[in-house]
Amino acid sequence: MRRLILSIAAIVTLVAIPAHAQQAARYDVLIRGGRILDGTGNPWFHADVGIRGDRVVAIGRLDGATAARVIDATGRYVTPGFIDIHSHADDTGNARNTLRSDDAQRRAAPNLVAQGITTVVVNQDGRSAWPIAEQRATMERLGIGPNTMLLVGHGAVRGRVMGDDVRRPATEAEIEQMRALVRQAVAEGAAGMSAGLEYAPGRWSTTDEVAALVAELKPSGGFYISHERSEGSDPMWYWPSQDEPGPPTLLDAVRETIEIGERTGVTVVASHIKAKGAHYWGSGRAAIQLIEAARERGVPVFADQYPYGTSGTDGNTVLIPGWALGGGQRGETPDYAARLREVLADPARNADLRQDITHEISRRGGAEQVMIFEHPDDRFVGGSLANAAAILGLGHVDAAIELQLTGFPDRRGGGRMRGFSMSEIDIDLYAARPWVATATDAGIAMPGDGANTHVRFYGSFPRKIQYFALERGVVSLEDAIRSSTSLPAQIMGLTDRGMLREGAFADIVVFDPATIRDVSTFTQPHQYPEGIEFVLANGQFLVDGGELTFALPGRILTRTAAAAPRTQQ
Ligand SMILES: [Zn+2]
């Protein structure tokens with residue numbers, strides 16, 4: 001009993017002293033009474049958060065404090081701002097999808113910040129602007145919504161050195177030139193390098209070439225993030241009837257990423273990790289084994305993932321192989337149905353066609369998982385390929401052919417289709433690994449941008465929280481937040497963001513666990529998520545009371561700044 005009284009006295013004293021000391025404290029923003037999830041994976045605790053300027057300056061019981069702006073966060077979670085390690089918010093060659101747009105509302109990246117994203121990493125999949133210094137200067141001059149980290153693209157560097165002659169391994173001399181370009185980009189502010197090894201021109205590079213460039217990241221502590229050579233049984237360019245057997249698989253690709261990390265000592269990330277194709281589902285477990293074995297022997301390998309079962313390229317599913325439809329002539333409207341009829345009339349090519357369509361249906365998730373969104377025949381719209389086949393009384397391959405023959409003649413495939421090429425088995429396995437960061441793989445979108453926008457543009461981070469943590473418990477809420485905050489920050493080498501603690505930048509999300517959800521759909525993608533009530537970057541509101549502010553407080557984050565956060569302006 002006596003001990004209890006003593007303890008109570010001690011607690012009263014402990015609480016009373018700071019409360020008294022902070023009587024006069026005044027903040028710019030005070031977030032009161034929320035449950036703090038600090039981004040480390042620790043369980044939540046109750047505390048107030050005091051912000052002055054661009055920093056969090058106090059976390060605790062701030063009873064006597066006043067502020068220009070007080071937010072009541074009772075019943076809400078208060079977390080670090082989300083960090084999107086694979087973002088297309090500044091894609092070159094797409095005027096709409098860029099943080100350098102003339103339109104200030106686009107530069108605010110409304111669909112991204114509405115999800116709680118306060119930092120994006122751009123120049124992904126091997127593609128980057130050039131020079132990096134100019135990209136950076138333009139963003140700094142115009143102003144951007146989220147903080148932005150720039151990468152240098154392997155494909156961009158390769159293309160600059162090799163011109164159009166990229167369908168071969170680079171020579172030693174060319175690799176030397178590429179290394180110099182990577183060094184230049186790093187000096188100009190690139191925080192790492194991305195690669196797109198399933199795409200041109202990265203596809204024709206050797207592991208030695210990529211490793212030589214990645215080694216250039218070592219002195220600055222930069223990281224390497226790769227769209228790998230394959231994401232399933234074979235790469236997206238592969239047609240069984242046309243290409244050599246034995247193309248690289250997901251597991252080959254993961255092994256290569258690990259090898260690059262092992263040879264260079266640079267942190268490596270297998271980007272938007274998946275196991276694509278109905279005949280390849282379940283392979284996520286093998287990829288996880290490879291990565292965890294590598295981690296055990298000391299290789300700094302990580303991955304990122306967007307939490308959906310359909311990919312970007314799945315949105316352009318064309319079940320008829322490209323070789324059967326031919327290229328487009330300038331100024332001429334193609335008649336794909338006519339071209340397909342020619343192939344069908346030739347027995348040898350007809351057999352090849354059927355082999356490739358069979359493969360493509362499987363690669364896109366099977367006939368039940370290929371959905372038809374647009375087609376002149378209304379009976380098919382909104383249903384699957386399997387449904388169309390049943391209506392037609394045909395097999396799946398013949399139904400795919402029929403969709404082209406009776407479809408829009410100038411549209412590859414005859415209409416708009418989307419495959420759902422991934423299995424929840426793999427998605428959940430990856431989502432639960434502690435080294436998998438949450439990402440969007442999305443760019444900037446605005447209402448009116450058209451129907452073919454992936455829902456990940458609007459819902460990735462809320463979905464990770466609601467569908468993967470709160471609803472199904474695939475990960476804990478703490479880990480869902482950690483995978484969206486301190487984990488990507490650690491991979492990127494950011495020490496002053498991604499965690500909610502005194503001294504960190506005031507990048508903050510306040511959300512309501514009762515209402516948070518992604519509401520974007522493939523028929524109506526342009527819908528903002530619910531339940532994300534406040535989002536701040538550098539102490540400025542991006543979302544205020546559930547409303548977008550279109551503010552532009554974002555900064556370019558460089559490795560130098562990460563190493564010396566206090567000098568960053
Ligand atoms: Zn990619």
Side-chain angles (χ1 to χ4, degrees), residues 83-94 97-98 112 117 120-129 149-159 191-205 210 214 223-232 234-238 247-250 252-254 256-257 260 268-277 280 284 287 291 301-317 363-364 418-422 426-427 430 436-445 452-457 460 488 491-492:
I83 296 174
D84 184 1
I85 197 168
H86 190 117
S87 174
H88 288 282
D90 198 56
D91 276 5
T92 312
N94 181 348
N97 194 4
T98 166
L112 303 178
I117 296 168
V120 296
V121 182
V122 300
N123 297 345
Q124 298 285 348
D125 298 335
R127 303 179 184 118
S128 65
M149 207 175 222
L150 306 173
L151 303 171
V152 55
H154 164 244
V157 163
R158 190 167 212 265
M193 187 176 90
S194 75
L197 303 183
E198 198 176 10
Y199 299 122
R203 189 182 142 183
W204 297 283
S205 64
V210 180
V214 170
F223 65 103
Y224 167 66
I225 184 164
S226 180
H227 175 130
E228 298 173 308
R229 285 189 204 273
S230 180
E231 303 193 299
D234 44 75
M236 58 176 76
W237 48 260
Y238 181 77
T249 66
L250 165 74
D252 296 327
V254 167
E256 180 182 39
T257 300
I260 289 169
V268 296
V269 183
S271 215
H272 43 56
I273 195 159
K274 52 177 78 85
K276 210 154 114 180
Y280 207 69
I291 291 173
V301 52
F302 297 84
D304 69 66
Q305 176 192 37
Y306 53 81
Y308 295 96
T310 175
S311 74
T313 52
D314 278 340
N316 301 314
T317 291
R363 172 152 77 175
R364 295 299 183 184
R418 173 176 286 281
F420 289 74
S421 64
M422 291 167 252
D426 297 300
I427 299 170
Y430 286 130
V436 176
T438 310
T440 68
D441 197 4
I444 296 168
N452 197 13
T453 298
H454 197 297
V455 296
R456 69 192 185 199
F457 277 61
S460 297
I491 295 168
M492 292 150 59

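Ligands are counted one by one from 1 in listed order, and the atoms in each one are counted from 1 as well.
- A salt bridge between D441 and R456 is present, with a side-chain N of the basic residue lying under 4.0 Å from a carboxylate O of the acidic one.
- One N or O on the side chain of T257 and one on the backbone of A253 form a donor-acceptor pair closer than 3.5 Å.
- The salt bridge (Lys or Arg N to Asp or Glu O under 4.0 Å) check on D304 picks up nothing, with sequence neighbours excluded.
- The Zn ion (ligand 1) is closest to atom NE2 of H272 (considering only N, O or S atoms).
- Listed by chain and number, the residues in a ring-ring contact (aromatic ring centres under 6.0 Å, His included) with H86 are H88, H272 (sequence neighbours excluded).
- Restricting D125 to its N/O/S atoms, the shortest distance to the Zn ion (ligand 1) is reached by OD1.
- The name of the N, O or S atom in H227 nearest to the Zn ion (ligand 1) is ND1.
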